[in-house]
Amino acid sequence: MNPSSNLVPIPGSHREIAPNVKLLRLSDPTQKIKISIYARENSNPPAALLARVQQLGYQMPKDRDYFTGDEYDAVFGADPADLREIVQWAKGKKLDVISQDPRQKKVELEGKIGDINDAFGVELCDYLHPVYGQFRGRVGKVNVPAKFLGVIDGVFGLDTRPIGRPRLRKSKLAPVRWQTLAKPTGAGKARAVVSRTISNPFPGAFFPTEVASLYDYPQSTDGAG
């Protein structure tokens, strides 16, 4: 699909289809999907709050005037005016607004694939990967109206292809033996060395009581105060 003349590509949004992926069909234009638009950080935060941000790097932690949640959002969240413009445009493209959150800098939308194709100048298709199976994807760039260039950072949810897989590997673990010095029973008596084996159904992890025992935490305290 060729984007209309008033649309411009979002930098970094270009995608190609991976090798060995088979094009099945154009995605059903009547199917509804959910997508998320992420906006830029507030480009015009209150000057007084911005001055405090610049001062933080020159102050000791104990001397810093830390932000409240609302103050932090006013500097590092999205400008509510930006989100209102995005919402107004999305409604004009027949997309339903599920939520908008300046703190997350996000507008969540739902709409038919056909309307989403038109809004962002994309062509969503169904593909088949020999390992990961079927997914919805696209080729090319995601486009937005020129007035939103630099305002909209990204559009997510158009593409459902797998983007990664975990590389975690479990090592071969054996019970760990450790030694402690038993407390002497009287003055001048040597401490006895006690050898123990850690028993835990989760290899490689420790229960709080085991850590307390390993570091000889005082048993008369519970952390209160």
Find out whether [X] and [Y] are in side-chain contact, i.e. whether some heavy atom of one side chain is under 4.5 Å from a heavy atom of the other.
| X | Y | result |
| --- | --- | --- |
| Ile113 | Thr30 | no |
| Arg15 | Arg138 | yes |
| Pro145 | Ile152 | no |
| Leu83 | Pro102 | yes |
| Lys32 | Asp96 | yes |

I need the minimum non-hydrogen distance between Ala74 and Pro45, along with the two atoms involved.
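The pair with the smallest heavy-atom distance is O-CB, 3.7 Å.
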If you take all heavy atoms of Lys93 and Asp115, which pair is closest and at what distance?
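Where Lys93 meets Asp115 most closely, the heavy atoms are O-CB, 3.8 Å.
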If you round to the nearest 0.5 Å, how far is [atom2] of [Y] from [atom1] of [X]?
| X | Y | atom1 | atom2 | result |
| --- | --- | --- | --- | --- |
| Asp82 | Asn42 | CG | CG | 7.5 Å |
| Glu108 | Ser36 | CD | OG | 4.5 Å |
| Ile10 | Lys141 | CD1 | NZ | 11.0 Å |
| Arg40 | Leu149 | CZ | CG | 10.0 Å |
| Lys22 | Gln134 | NZ | CD | 11.0 Å |
| Lys34 | Ile116 | NZ | CD1 | 12.0 Å |

Counting only N and O atoms by type, is there a donor-acceptor contact under 3.5 Å from the side chain of [X] to the main-chain atoms of [Y]?
| X | Y | answer |
| --- | --- | --- |
| Asn117 | Leu124 | yes |
| Asn143 | Leu7 | no |
| Arg136 | Gly157 | yes |

Quick check on the hydrophobic clustering: are [X] and [Y] connected, directly or via other members, by side-chain heavy-atom contacts under 4.5 Å?
| X | Y | value |
| --- | --- | --- |
| Ile86 | Ile33 | yes |
| Tyr72 | Val75 | yes |
| Phe120 | Val151 | yes |
| Leu23 | Leu128 | no |

If you measure from the Lys or Arg side-chain nitrogens to the Asp or Glu carboxylate oxygens, is any gap between Asp101 and Arg103 under 4.0 Å?
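Judged by the 4.0 Å cut-off on N to carboxylate O distance, Asp101 and Arg103 do not form a salt bridge.
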Does the pair Arg25/Asp126 count as a salt bridge with the N-to-O cut at 4.0 Å?
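Looking at Arg25 and Asp126, the cut-off is met.
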Apply the test side chain to side chain contact (heavy atoms under 4.5 Å, CB included) to residues Phe76 and Val53: give CA-CA distance (whole Å), side-chain angles for both, the deciding distance (0.1 Å), then the verdict.
CA-CA 10 Å; Phe76 299 105; Val53 172; 4.2 Å; yes
Would you list the pairs meeting ring pair (Phe, Tyr, Trp, His ring centres under 6.0 Å) in which at least one residue belongs to residues 134-154, sequence neighbours left out?
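Found Trp89-Phe148, Tyr127-Phe135.
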Can you pull out every ring pair (Phe, Tyr, Trp, His ring centres under 6.0 Å) where at least one residue sits in residues 37-56? Sequence neighbours excluded, please.
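The answer is Tyr38-Phe156.
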Any chance OH of Tyr215 has more than 12 other-residue heavy atoms, nucleotides or ligands included, within less than 6.0 Å?
no
Can you confirm whether more than 12 heavy atoms, excluding those of Lys106, are under 6.0 Å from its NZ atom?
yes
Carefully, step by step, assess Tyr132 and Arg161 under the rule side chain to side chain contact (heavy atoms under 4.5 Å, CB included).
CA-CA 8 Å; Tyr132 301 113; Arg161 79 182 77 187; over 6 Å; no
Would Val139 and Glu16 count as a side chain to side chain contact (heavy atoms under 4.5 Å, CB included) if you check the C-alpha gap in whole Å, the side-chain angles of each, and the deciding distance to 0.1 Å?
CA-CA 5 Å; Val139 175; Glu16 294 289 350; 3.8 Å; yes
